[in-house]
2 protein chains.
Amino acid sequence: MTDINFSRGPATPDSQAASGTTPGPRAGELRWDIIELLFFAYRDFVGDADQELEAFGFGRAHHRVMHFVYRYPGLKVADLLDVLRITKQSLGRVLKQLLDEDYIIQKTGNNDRRQRLLYATPKGEALVAKLAGLQTDRITRALRDVNPEGVAAISQFLRAMIDRDDPDKVLEAIFGTGTRKSKE
Amino acid sequence: MTDINFSRGPATPDSQAASGTTPGPRAGELRWDIIELLFFAYRDFVGDADQELEAFGFGRAHHRVMHFVYRYPGLKVADLLDVLRITKQSLGRVLKQLLDEDYIIQKTGNNDRRQRLLYATPKGEALVAKLAGLQTDRITRALRDVNPEGVAAISQFLRAMIDRDDPDKVLEAIFGTGTRKSKE
DNA sequence: AAATTTATGTCAGTCATGTTGACATATCTT
DNA sequence: AAGATATGTCAACATGACTGACATAAATTT
């Protein structure tokens, strides 16, 4: 009854992309396949965390802040703004809640006392780890039948999808590009 | 001057994931690497379209609607609701604009005259193709140095990241799962 | 020492996009 | 004829973005 004639009109013939080693579309054609897979994959990927967050009265914005603060301890407010690419007013709102509810703490910078270095509290760490666990489960499941070369290709692909002009502190850490102050 | 001590405290030692064939984290560890790569990759991926859309006074919501209507001509409103996972009130707002501005047209269903089948107009097709072109450029760039097996792994990974319980019409089309009415 | 710049915070208003709940209409199914 | 379904719409609200203006403290420059 709920039926529709799925004509796939303008969709170009890259529809056979389901079998083993799929030939990509011919040169110059659009990657509708990857475009749509990215949409659905990301939707379900963030969906894992969304559900958990609801129970805490938090949203995706809180997750992103907590995630990067936990992963890169001592991140400055300005660094976070670069990473998240939002305005300080937007960040201020969620950061205030996370500070008030003791998921994150601020420490005044040693060298520059204007800076507020951010750190996750144990409470914050626990939540981030829980959310990362859910997402890791999905990733692990998705990688189960992929060999090491395949995993390398996936990692390379995702890296190559990221803009590298004007990289922020976190991207520099991920890519290890040039001017890092190194460390231990 | 704008410097920070990037201690990478809690970050587990999967930090060497830059070299060729990267060993994944040990069993039970979290995939911080993929989690963060997905975040940045998707951010920049949708960023391509965002810029273009601004010039048209549209947002991501409009893009998603136009994309799926173009790709799956004759999509019903209910199908679109399933795919986008939003309420009809939310969809109604953007759909109304796209209809008013002649990017999409409605045709009454043949069998069921209650249905409004959606189709992209030439104007709509042009915009969708333009946006897909931008995103395809990024994808093509990212796949440039990936061999066919690698591309297959990437495709398999993205597919496996998607929830398959209660798949909508579009997902059924993408995965070719079971009850399709087939045709031509 | 004074002036300027930087890092951060905050107030106020707006916009895009999501939500719930209620209800209307046309059409199909029973 | 009654009920279910597909769609549309009104109203109110929440979240998370935005711009613009302004305040404070601390560092840097002159």
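A, B, ... follow the sequence lines: proteins, then strands. Residue 1 opens every chain.
- For the side-chain hydrogen bond (donor to acceptor under 3.5 Å, both in side chains) condition, the pairs that include at least one residue of residues 92-101 of chain B, sequence neighbours left out, are B:H62-B:Q97.
- Straight-line distance from the CZ atom of A:R116 to the C1' atom of D:dT24: 10 Å, rounded to whole Å.
- Counting to the nearest Å, the C1' atom of D:dA25 and the NZ atom of A:K76 are 16 Å from each other.
- Whole-Å rounding puts the A:D112 CG to D:dT29 P distance at 12 Å.
- Residues passing the side chain to side chain donor-acceptor pair (under 3.5 Å) test with A:D102: none are found, sequence neighbours excluded.
- The side chain of A:R113 approaches D:dA27 more closely than any other nucleotide in the set C:dT8, D:dA27, D:dT7.
- Applying a 4.0 Å cut-off to non-hydrogen atoms, none of the residues of residues 37-46 of chain A approaches DNA chain C.
- The separation between A:K169 atom NZ and C:dA7 atom P is 11 Å, rounded to whole Å.
- A:N110 has its CG atom 15 Å from the C1' atom of D:dA27, to the nearest Å.
- Not counting sequence neighbours, B:D82 has no partner by the side chain to side chain donor-acceptor pair (under 3.5 Å) test.
- Ion pairing of B:D44 with A:R85 is present here, as a side-chain N (NZ or NE/NH1/NH2) and a carboxylate O approach within less than 4.0 Å.
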(message) Output the pairing pattern of DNA chain D as a dot-bracket string, 5' first, Watson-Crick or G-U wobble with both distances under 3.5 Å, | for cross-strand pairs, [ ] for crossing pairs.
(response) ||||||||||||||||||||||||||||||

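- Sorted by first and then second residue, the salt bridge (charged side-chain N to carboxylate O under 4.0 Å, His left out) pairs with a member in residues 61-70 of chain A form an empty list; sequence neighbours excluded.
- Both tests hold for B:R164 against B:F175: distance to the six-membered ring centre under 6.0 Å, angle to the ring axis within 45°.
- Between A:H63 and A:H67, the ring-plane angle classifies as perpendicular under the 30° and 60° cut-offs.
- Taking 4.0 angstrom as the limit, A:R114 places none of its side-chain polar atoms (N or O) nearer than this to OP1 or OP2 of D:dA27.
- Listed by chain and residue number, B:F68 satisfy the ring pair (Phe, Tyr, Trp, His ring centres under 6.0 Å) test with A:F40 (two or more places apart in sequence, or in another chain).
- Separating the CD atom of B:Q115 from the P atom of C:dC28 is a distance of 9 Å, rounded to the nearest angstrom.
- If you take CZ on B:R60 and CG on B:L131, they are separated by 12.5 Å, rounding to the nearest 0.5 Å.
- Only A:R85, A:I86, A:T87, A:Q89, A:S90, A:R93, listed by number, bring a heavy atom of residues 84-107 of chain A to less than 4.0 angstrom from any atom of DNA chain D.
- Taking the ring pair (Phe, Tyr, Trp, His ring centres under 6.0 Å) definition, one finds that B:F157 meets it with nothing, sequence neighbours left out.
- No salt bridge links A:K76 with A:D112; every basic N to acidic carboxylate O contact stays at or beyond 4.0 Å.
- Evaluation of the side-chain contact (heavy atoms from CB on, under 4.5 Å) rule for A:K107 yields A:I105, A:Y119 as partners, not counting sequence neighbours.
- Contacts with DNA chain D (heavy atom under 4.0 Å) in residues 47-66 of chain A: A:G59, A:R60, A:A61, A:H62, A:R64, listed by number.
- By the side-chain contact (heavy atoms from CB on, under 4.5 Å) test, A:V65 is found to be paired with A:V69, A:L80, A:L84, A:L91, A:V94, A:L95, A:L98, A:I104, residues two or more places apart in sequence or in another chain being considered.
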